[in-house]
Amino acid sequence: MPTSRGAGRYAPSPSGELHVGNLRTAVLAWLFARTSEREFLIRVDDLDRVRPGAAERQLDDLAAIGIDWDGPVVYQSERLPNYAAAVTELTAAGRTYECFCTRREIQQAATAPHGPMGAYPGTCRQLSEAERAAKRAEGRVGAIRLRADVTEYEITDLLHGRYRGAVDDLVLRRGDGVPAYNLTVVVDDAAQGVDQVVRGDDLLPSTPRQAYLAQLLGLTVPVYAHVPLVLNEEGKRLAKRDGAVSLSDQRALGHTPEDVVAAIAESLGYSARTTAELREVFDRARIPRKPWILEPIGLFRQEGCP
Ligand code: GLU
């Protein structure tokens, strides 16, 4: 239930174990919310790429590093009627169309002139009802796309300032019937009273689409803070193959959750061993603007190493 205090949130996808980069983003989202007297919510984005047992392990890991949350965890798989209602609302307003393009067709089609790079070129936008019926008769199942009337939208981010990015006719419901992430995130954040979204800066380019969609649905656009990711030495996004990157890997090496919190705190420029200590000293204006590059040696130097 939304409260007047507002809320921040962390919304993991249960596709595997959280790595230290995910944990650091979760800590930052928690710190932003808790130091601004907001509630902190957890939502499990479990509509896609779900690995059995992963959600439970992720929640255990978050609790182990001292992240607490308000109210029950929300699962997107239990909220399908809400996403369907949003699609119905947009459709009733003439804001959607059925798209029969395959991924390959979209890649092959040239991007519309003046359209944003990589944006959907709008191939199915102008199909007549007879053409749509013919596609359906071929056995093609349509996705539902938004009929966007802008190609760009501007958002404000606490770390990145004013950010203008592409908006295209984004997918709202995939051909397999699964509601698309850009829709679900907007519907859920608003329904949960989330007015502060802190997440990895890999999601910054999607944010103008989401803010535009929120505004079309008459929903309040949250305050955003897109925080730097943790990268490996090659500058690539951290992954399981980068070594002992999860809490269970670290436990197997004899390190405690407090050790991991200490490493995260250090990467943020603080000396603290618990999230409670970190909360006391956290200053959002001092967040490092550069990614945290994790050396192959891992989170901790071995005894005796320089
Ligand atoms: N579930 C998404 C992810 O793990 C994050 C969604 C969000 O924070 O908006 O990438």
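The analysis underlying the following values was restricted to heavy atoms, covering all of them including side chains, and did not include hydrogens, waters or symmetry mates. We count ligands from 1, going down the list as the structure has it; atoms in each ligand are counted the same way.
Criterion: ILVMFWY side-chain heavy atoms under 4.5 Å apart, direct or through other members. Under it, Leu59 and Tyr10 are part of a common hydrophobic cluster. When hydrophobic clusters are built by joining Ile, Leu, Val, Met, Phe, Trp and Tyr residues whose side-chain heavy atoms come closer than 4.5 Å, directly or via intermediates, Leu23 is grouped together with Leu268.
Between His160 and His226, the ring planes are perpendicular. Angles over 60° get that label, and only those under 30° would be called parallel.
For Lys240 and Asp242, the salt-bridge test fails: no basic side-chain N is under 4.0 Å from an acidic carboxylate O.
By the neighbour-count criterion of 12 heavy atoms within 6.0 Å, atom CZ of Arg237 is sparsely surrounded, having that number or fewer from other residues, nucleotides or ligands.
When each of Arg9, Arg38, Glu39 is tested with Gln196 by the rule side-chain contact (heavy atoms from CB on, under 4.5 Å), just one qualifies, namely Arg38.
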Is there any protein N/O under 3.5 Å from an N/O of ligand 1, and what does the full list of such pairs look like?
unit_1: ligand 1; atom_1: 1 (N); unit_2: Ala11; atom_2: O; d: 2.7
unit_1: ligand 1; atom_1: 1 (N); unit_2: Ser13; atom_2: OG; d: 2.9
unit_1: ligand 1; atom_1: 1 (N); unit_2: Asp45; atom_2: OD2; d: 2.6
unit_1: ligand 1; atom_1: 4 (O); unit_2: Ser13; atom_2: OG; d: 3.3
unit_1: ligand 1; atom_1: 8 (O); unit_2: Arg9; atom_2: NH1; d: 2.6
unit_1: ligand 1; atom_1: 9 (O); unit_2: Arg9; atom_2: NH2; d: 3.0
unit_1: ligand 1; atom_1: 9 (O); unit_2: Tyr181; atom_2: OH; d: 2.8
unit_1: ligand 1; atom_1: 9 (O); unit_2: Arg199; atom_2: NH1; d: 2.8

